[in-house]
Structures are given as C-alpha cells and as structure tokens.
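To start, the structure itself, in structure tokens.
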Number of protein chains: 2
Amino acid sequence: MISNELLKGSLKTIVLKLLKEEGPMHGYALTQKVEEMTRGKIKLTYGALYPILHKLESEKILGTASEIRNNRIRVYYALTPKGHSVVTEKIKELTEFIESLQQIVQPKPGFNYA
Amino acid sequence: MISNELLKGSLKTIVLKLLKEEGPMHGYALTQKVEEMTRGKIKLTYGALYPILHKLESEKILGTASEIRNNRIRVYYALTPKGHSVVTEKIKELTEFIESLQQIVQPKPGFNYA
DNA sequence: TAATTATATTTAAGATTCTTATATATTGCA
DNA sequence: TGCAATATATAAGAATCTTAAATATAATTA
C-alpha cells in the first residue's frame, strides 16, 4: 500500500472526480471505490475523508441527502452546480500534475526541455 | 502553474530523484531544474524546499558540501549511502502512486477492477 | 547611474491537511 | 458468541506547505 503522505493535496480532487463519474456516493463507498480502482494501493482514511467532505459541503461544492438504511444513517454526497464547475478545473489541474510528475520520474527519452 | 497544494507529499521524492540523476545540486538549482523539467508548471517555493533539505540532512539521507561562489555561499546536497537505498524505494512508491492516480483520473477503457 | 532582475539561503508565523485513536451502532457470518 | 464488515464523526497531534521577511551580491537594463 502506498503511504498516504503522497495523497496529500490530491484527495479532494479524487473525491470530486468520483462523484462526477459515479453520481451521489456516501463516504464509506468512496473509500471502497478508491481501494478497488487502485487495487488496494490507495486506502482513504476516515479521519481524512470525512473532514474533507464536510468542508466541501460547507463550501457549497457538495450537497447532501441522508437516508436511513438498515437503521444506519447513510449520507450521500453529490456535486452542486458550483461543484460541477469546480471539478472540471480540478481534474485538469490534477492531470497536468500527473504529467509533470511523470516528466520528472520517468522522463520521455529525447524530450527537449527548451 | 499548478497549485502546490498537489505537491504536498511528493516534494521529498522529487528532490531525491533529481539528486540521484543529476548528482550534487544546491537548493536554488533544484528549483530551476524542476521548473525547467515541467515547463514551468511546478515551481518549488523556498519555504518548502529548504526545510525539506535540512530535514533530509538531519536524517542522514543527504550530505552537504559548501562552497563560496562569487562571495555567495552555495550548499551542495548529495545522497548519502543511506540516501541511495531510500531513494529507490521512494521512486517506486511515487511511480505506483502516479499509476494509481491515472487509474482514477483517466481509467483505461475496459480495465477490470476485479 | 539607478533600478530591476537573477542568484542564493534562511527562518518564523500561520494555515492546511493528514494520522492515529476513540466513540458509537447494526448486520451477517462462522 | 465473537469477529468482520458496514457507516459516520471528531479530537489531538504531527507533518507539510504558504507567505513573508531578512540578507547579500552580480548582472542586466533603462
């Protein structure tokens, strides 16, 4: 498993991206989805995830709907209209960041920096 | 330019990778190199870079040699033997992290999570 | 010549974000 | 009955980054 130190900073964008693709999700499902997509390499911790979700909600980037399921509360998070406009920019930024990291870690042979 | 929020966590590995590939470098040169390699998309700030360098030095992962150049001090950082063994692992971890991020942001079509 | 840009390192204060641990509660399986 | 899985929340502390300020010289430009 990848040390989550690396995850710092990109967690927010990952959450937004998943909500965009998958539609409304609850916190626990987000951790499952990320673990599944990365074959167990990235595991979100609840201590990091829930505060991020709450913050995005307070910023009106996410909205919530709660339901009681099996006597357990389940809070679904979904992108607001504002969230939809934010997520596009965030994904673009993360994509560029990934490309930049690759350029450092695995430079394309013959790549000309100038 | 990419917001350095994303950089949190990977800065250390980037520094180690560059010192492995380029040999001893001083702090200012590291900022230049990263900016050049990422075509200006990643800019290291000194407030983030120098504390990291000092910390890696205190952990014996980096060693230093100073020289006076044009009446300005220049501190060269280089991997110690311990640093060489650490950097390999760190780069592997960062590579896996990049792959995982890509799997989330740009999933390969037909990829089977199971 | 004066001003600006580039080179070069350091550190403090504050903000943000993550880790770890704890708390609570139900369902299903062995 | 005990354990694993499901589900959310939060507090304390650690780690890391941002912003700003301090210091100093060389080279370029107006």
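Letters A, B, ... are given to chains in the order of the sequence lines, protein chains preceding strands, and every chain is numbered from 1. Below, all heavy atoms of this structure are taken into account, side chains as well, without hydrogens, waters or symmetry copies. This is a predicted model, so every value here is computed, not measured.
For A:K92, the NZ atom counts as loosely surrounded, since its 6.0 Å shell holds 12 or fewer non-hydrogen atoms of other residues, nucleotides or ligands.
At D:dT6, one or more side-chain N or O atoms of A:Q32 fall inside 4.0 Å of OP1 or OP2 (strictly under the cut-off). Taking only side-chain nitrogens and oxygens, A:K8 never comes nearer than 4.0 Å to OP1 or OP2 of C:dT19. An OP1 or OP2 oxygen of D:dT10 is reached within less than 4.0 angstrom by a side-chain nitrogen or oxygen of A:H54. At D:dT8, none of the side-chain N or O atoms of A:Y46 fall inside 4.0 Å of OP1 or OP2 (strictly under the cut-off). Taking side-chain N and O atoms only, A:T45 has no distance below 4.0 Å to OP1 or OP2 of C:dC18.
Between A:L11 and B:G47, the residue whose closest nucleotide on DNA chain C is further toward the 5' end is B:G47. Each of B:Y77 and B:Y28 was assigned the nucleotide of DNA chain C with the nearest heavy atom; the assignment lying further toward the 5' end belongs to B:Y28.
The nucleotide whose nearest atom lies closest to any side-chain atom of A:K55 is, among D:dC17, C:dT11, C:dT17, C:dT17.
Under the 4.5 Å side-chain criterion, counting only non-hydrogen atoms from C-beta, B:L62 is in contact with B:L16. Between A:T64 and A:L53 the shortest side-chain heavy-atom distance does not fall below 4.5 Å.
Residue contacts shown for B:G27 are limited to sugar-phosphate atoms, with no base heavy atom under 4.0 Å away. Among the atoms of the strands shown, none is found under 4.0 Å from any heavy atom of A:E67.
In this structure a side-chain-to-backbone donor-acceptor pair under 3.5 Å is present from A:K17 to B:V105.
A:I14 places its CD1 atom 14 Å from the P atom of C:dT17, with the value rounded to the nearest Å. What separates OH of A:Y50 from P of D:dA9 is a distance of 7 Å, to the nearest Å. The nearest whole Å value for the distance from the CD atom in B:E57 to the P atom in C:dT10 is 9 Å. What separates CG of B:L6 from C1' of C:dT17 is a distance of 13 Å, to the nearest Å. When rounded to the nearest whole Å, the span between CG of B:L53 and P of D:dT16 equals 13 Å. Straight-line distance from the CG atom of B:L49 to the P atom of D:dT16: 14 Å, rounded to whole Å. We find that CD of B:E36 is positioned 12 Å from P of C:dT7, with the value rounded to whole Å. Going from atom CG of B:L30 over to atom C1' of C:dT7 covers 14 Å, rounded to whole Å.
Under the side chain to side chain contact (heavy atoms under 4.5 Å, CB included) rule, A:L56 has a single partner from A:T80, A:L19, A:I61, which is A:I61.
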